[in-house]
Structures are given as structure tokens and as C-alpha cells.
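The chains referred to below are lettered A, B, ... by the order of the sequence lines, with proteins before strands, and numbering in each begins at 1. None of the values given here were measured: they were computed from a predicted structure.
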2 protein chains.
Amino acid sequence: MTDSRPSGTRRVTLSQVAERAGVSRSAVSFVMNGRTDQRLSADVFERVRRAAEELGYRPNQTAKTLRTGRSGTIALVSDFVSSTSYANAMVRGAMRALRERDILLFTVDTEGDPQVEERLLHSLFGRDIDGVIYTSMFTRIVDPPPLLASTRTVLLNCRARGGDDVAVVPDEVEAGREAARLLVAAGHTDGIWFVGDLPPGRRGGLLWNEWGPLALPERLEGIERELASSGLSLAGHAAVEDDWDAPNGQRAVERLLEDGARPSALICVNDAVAAGAYRALHAAEWRIPDDVSVIGFDGSPLAGMLEPSLTSISLPHEDLGRRAATLLLSDDATPRVERVRMPVHLGASVGSPTR
Amino acid sequence: MTDSRPSGTRRVTLSQVAERAGVSRSAVSFVMNGRTDQRLSADVFERVRRAAEELGYRPNQTAKTLRTGRSGTIALVSDFVSSTSYANAMVRGAMRALRERDILLFTVDTEGDPQVEERLLHSLFGRDIDGVIYTSMFTRIVDPPPLLASTRTVLLNCRARGGDDVAVVPDEVEAGREAARLLVAAGHTDGIWFVGDLPPGRRGGLLWNEWGPLALPERLEGIERELASSGLSLAGHAAVEDDWDAPNGQRAVERLLEDGARPSALICVNDAVAAGAYRALHAAEWRIPDDVSVIGFDGSPLAGMLEPSLTSISLPHEDLGRRAATLLLSDDATPRVERVRMPVHLGASVGSPTR
DNA sequence: CTGAAAGCGCTTACAG
DNA sequence: CTGAAAGCGCTTACAG
């Protein structure tokens, strides 16, 4: 039959290697896959190896996949991770872990649209992917699509509502404890405020607030538990409107100071809110860390750009990605939630209280 | 219909659809691929469609690929683009353009290592990718690997030294003109400085300086050409050590002011250098834009976070990615360099000169 | 218009 | 230890 493919120079096939080496195709297949259990003679092994090299033979992965059902390919399926900047280091972590095993990564963003997600998953399954890393830009609870049941899956930066999956998430509770610990160690006692609650009665206005983000409740839980273990508690909470960005953080702290609060330290729900806090404190002529200490979360580039640099408990995105890929490749599919430590990025924003 | 097959069962094949519809496999193939040129009866067409739906048939892309040589898959091969934050919107642009055609994206970063690049390319070719978007984090000149010659390729955010490729790059020269135009329109004449040259005799210390980045020379060329067209020229250049970051920008402007320069405007090679300029100006009690205007390049999030917000000529990463994908899918492979307009992000950092 | 057949490039159970 | 053969799930030229 005529070959209608748009190929100029045909690629070398296994048959050609067999012919050149003067052995069967089986033998070539065994050699190429390093199957020593077939007890091939050293001579055959060497002849095949040489013939393959001389011809520049590269196995056709598509044919292997059709035969074996394994493609050496996995997919990273997310809402926004691979196409936006925020949590992109997760992709790097996964890619690096997979590179060593010659596994390639399909990158697929659904932008939060379930229909797009379904179409993309079917498209992926049609390509015989070996597994899926299902991930989210923000750490949150998800309902993994039922379609995923037929494929090996690891949840990254999210956990299933049901809980019977393998999931990798940052250890947000421990991060909260760490933040509190830093302040307690510096001598803070009864002037520690938390900045970043949603306003009372508010479930969230922005999209991701309705997606059940875990950062806020878990960070707060860790903070309160750690303080309690030292017999302390938060002096209070400052609510932030809608999004956790700098302008909202600024307004929250402005209100706090206007209301007459005298905080010795602010634990901000993330670095952007902390940046806003810096502005409000600066305008009110409070010095950091002399008059007030500030801690953020995320470990974003922003933290290093502030004056003074912000101490922040950072999201270990690359580690998370690497861990998820490693788990996906392992044989162990026992449902569990793995929590990855969030390291402290020490800045110059924490000092001892003066009041 | 929903797929009611017990999980663990084999996927439905084309043969099963043929059997259920009572037609040949050829007919099913023709219907599934919408080949109306075969003049199938409306009845056959409908029976196949129904059988496929009832069985939940999904074509096996691997088998199609083996047969046709086309995989409906392209690869985005870069140094760092898909695994870091900086130019990530290019991935978004490409993904969005491809989504409409049900084409999936392999994402592959070489981290600048030619050996890794070669291995990854072979791995991709073994999977019968239909094309490659070859891209770089920074706009620069590249020598595309010879291996790429066998595959349809579009260069994204880079151009080949040889020049016989299809390439998509930001229009940096025009961006430089735009920056100069904004200042001239505001009334600036002989106090316009450029901040961001490499020190005299320096080819670059950091890795990417040796990779031949185009941003600096092209932006500068545009600025100078535009000024010349109004009979003006730059008052001078302030060199920046090594990397174009905020601390280096700050030092450059500090030196400039110490040397007694009285700039009416600073055109900074990027936003980070501009942020450094802000600090130096602030420390010297120059007000922006009352005493001095500042313009940056990149359109980074940083620009909006500065006080006052920075006017910046922005890199249209998403547009670039979308355009590259579209070109790759088009039939036209005529070598050319497409330049994409860099839009102005207007801030509040440009005013009329007071001196 | 339809159907039987070849073939894409592999892997692997099986007979020798 | 080796080789012939079946088969993964498609597409398509070809004979009817």
C-alpha cells in the first residue's frame, strides 16, 4: 500500500535494524528494551546495539503505545496553573521529576469550565496517557471529575471532598503555627492581629472564594492553635474586602488603626495584603519592625521587594509538583493526603515588641 | 447517552460501532471523520452516529496517529517558559488557539541545556508531534537545533540567526519609538536619559546577556530613531550592572544624580529598573512625574504596584503565543518575522517637564 | 455505494 | 536461545 504520510525521509524501523543485525525482530525488541530475562547472547546484543546506532534508530512511541497501552506521557490538568504565573513552579517540579524517566507532560488548562474539562479529558484518554496530575491554582477542596476514575490520578494543591485519593498539599496549618511561633519567640504576647478574614457573614465574592480555598481557614487554625499552646490568643481579626490584594489590605489596616487598635504584630493572610499593610503603617508613621512586626504567607517575589523585606511563610510550589509526579509514578496508590512543609522566608519585618 | 460500561472494560472500538450499526468499518471511519466525499446514505450516517453515541465510542488517537502520522499534538519547546512565571502568558495564548482545534500541547523546558534539548526533541518526534513552537523566555536570537528541520516549526519570542524561519516577536523597535513619542508629546526635549545600558565594554555577565537578548538594542534603536525624527537626541545613557533588576536600577540612577545630571525624563530598559529608579528618585526627593517622568518596558504587574503607577510599554505575551500557534497551524510556511505590537500601559508617571 | 484487506511499527506468547 | 505470527485500532486504496 502507498504511504500517504507527509514524511520526506522515512524513519528507521525496528525491522530494518533486525535485517542489518541479521537477527529477528523479537531480538531487536528485547535488546532495545533491555530485557535481559530473554538470555540473549552477548554477541546478538552487541550486533543489535551497533546496527541501531549506525542506522540512528529511534523507537516509534506511537506504535509501542498502541501495542502496550502505555504512552510514557502524563497530563497536568488544572484550572489555570500552566497558563498563568502564580503557581507555575508546580509545573517545573513535575517536569523535572518526569524528565529523569523520559516521560513527557501534556499541559492542559480548563479555566474552570467543566465542559472544557470534560472535552480535554476525553482528548487525553484518546491519547493513552498513563496518568493525570489534577491540580488547582489555589489550594482548595475539589470534586474530581468522575471521568478520572479510569486513570491513575494524583491531586496536586487540592484535595477531594470524598478524600479517597492521593493528594499533595502545602501544610497550611503548620505554616500558621510557624508564623505564630516566630512572633511568640520574638516576645509578642497580646498585640497579635490577624489581617485577612472575610467580612462577617461573607462567604466570598470572588470566584475562588466560592471554590473553597483552604489557605485562610488552615492558616488561621494553625495560628490559633500555636498561640493557645502558649496560653495566648489573637488580639483580633481585621477583615479584608473580597480579594486579598494590596489595596484591600491597606484599607483593612487603615480601619484597624483608625479604630484605635495598637497592634504589636500583624499576621497577614498573604503577601499582597501584607504589602497593603506596609502602606497603611507607613502612612500612619508606624515603623516596621520597630513599632510593629509583619508576617505574610506565600513567599512571593513581592516579599523580597518590600522595605523592609517581608518575612513570609512560602508556598513550596516546585516541591509540590515534584512530589505529585513522583507519587503518580510510584506503585503506591493508597489514598492519603501528603502535606508538604512550607518553609519560612526570613525577612526583616519581625522584631521584638516595644510596648 | 452516558457511558454505562462497567469500569475496567476495554474501550469501545470502531469495529464494535460497525457491528452495532450493521455497516462496514470503513463506513464508520468515514462518518466519524465527517467525510462527506464518500457519499454515504443519510440512513447509514445516522445509524453510525447513533451507534457511536449509544456505545460511548471515542476514537483511539494512538491508532489514528500510527496510521496517519498525524497526532493532533504539538510541542512547546523552550528554555524556561513553561516552568517559570515570566513569559507564561505565551503558553496561555498558544493553548487557547489550539483548544479550538482539539490539539493538545506538550510542554517541555530544556533549561538551556542543548543535551536535554536533543533528548527531549527525539522523545517528541517518537510521539509523532505535528509541529513545534520553539520559544525563549527573553526575546533573542537563537540557533534552532538542526533536528527541528524535519518538523513544522514556528519560532516564538526569538528569531533564527539564519532568518529562514517563521518567527513571531514583539515589535521592540516600535515600542522604543512609542516611549520616546510619549515624552516628546508631553513636551520633553533635551533632558531625556536612557537607563539600562550595559557598562562600556561589557557584553554581559549573566547567562542571558550572552544569549543575545534583543530588548536592549531594539528598544534603544527605536527611542533614538524617534527622537531624531523630532530633531532631538538622548541627553545620555546610564549603565546598569549585570542584571536589569531594581537594586541595579537604583544604583544607576543614584550615580546619575550624584554626577549632577538634571534629567527631565528617564526611559528605563524594563520595569524592574524603573522601580529602582523610583527609589533613587524618592530618596533624592525628586517627585514623579512633577520633577521627572519615568517610563518602563514589559508591562509587568510591578508597574501597577508602584506609586505613582508606571507607564510601561508591555510585552504582549498572550498575543505572541496565540499568533505562533495560529501560524503553526496555517499552511503558509513562508519564512518571515512577524512583529506584534507592544501596547502602552498608561500609568501616572509621565508629565510635562517643569524645567 | 460497500466490504475485505493491507498496513502503520511495535510487543509478546508460543512453537521450534 | 530464535523466528513466525498475531494483534493493538485505526485509515484508505481497491475490487466489487
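- Note: CZ (B/R47) to C1' (C/dT2) measures 12 Å, nearest angstrom.
- When both distances must be under 3.5 Å, the Watson-Crick or G-U wobble mate of C/dA4 does not exist.
- Within the structure, every side-chain polar atom (N or O) of A/S24 is placed at least 4.0 Å from both OP1 and OP2 of D/dT2.
- The separation between B/F125 atom CZ and C/dG9 atom C1' is 19 Å, rounded to whole Å.
- Rounded to whole angstrom, the span from the CZ atom of A/R58 across to the C1' atom of C/dC8 amounts to 21 Å.
- Within the 4.0 angstrom heavy-atom criterion, only backbone atoms of the sugar-phosphate kind lie near B/Y57; the bases stay farther away.
- Where B/T62 and B/R35 each meet DNA chain D at their nearest nucleotide, the meeting point lying more 5' is that of B/T62.
- Of the two residues contacting DNA chain C, namely B/S26 and B/A63, the nearest-nucleotide position lying further toward the 5' end is that of B/S26.
- Listed nucleotides: C/dT12, C/dC10, D/dG9. Nearest to the side chain of A/L66: D/dG9.
- Classification of B/D79 and B/R140 as a salt-bridged pair holds, one side-chain N sitting under 4.0 Å from a carboxylate O.
- Contact record, B/V108 with B/S82: N-OG, 4.1 Å, taken as the closest heavy-atom pair.
- Nearest nucleotide to the side chain of B/L14, out of D/dT12, D/dT11, C/dT11: D/dT11.
- For A/R67 and D/dA6, the CZ to P distance is 13 Å, given to the nearest whole Å.
- Closest approach to the B/S29 side chain among C/dT2, D/dC10, D/dT11 is made by D/dT11 (side chain taken as heavy atoms from C-beta onward).
- Contact detail for B/R58 and B/R11: the closest heavy-atom pair is O-NH2, 3.9 Å.
- Salt-bridge check for A/E53 with A/R50: failed, with every basic side-chain N at 4.0 Å or more from each acidic carboxylate O.
- Per the geometry, CZ belonging to A/F30 stands 11 Å off C1' belonging to D/dC1, to the nearest Å.
- Of the nucleotides present, none pairs with D/dA13 by Watson-Crick or G-U wobble criteria with both distances under 3.5 Å.
- Across all strands, A/R70 comes closer than 4.0 Å to no nucleic acid atom at all (heavy-atom distances).
- Taking atom CG of residue B/N60 and atom P of nucleotide D/dG7, one finds them 17 Å apart after rounding to whole Å.
- The shortest side-chain heavy-atom distance between A/N60 and A/T13 does not fall under the 4.5 Å cut-off.
- Protein atom CZ of A/R127 is 15 Å distant from nucleotide atom C1' of D/dC10, rounded to whole Å.
- Here the C1' atom of nucleotide C/dT2 and the CZ atom of B/R25 are 14 Å apart, to the nearest Å.
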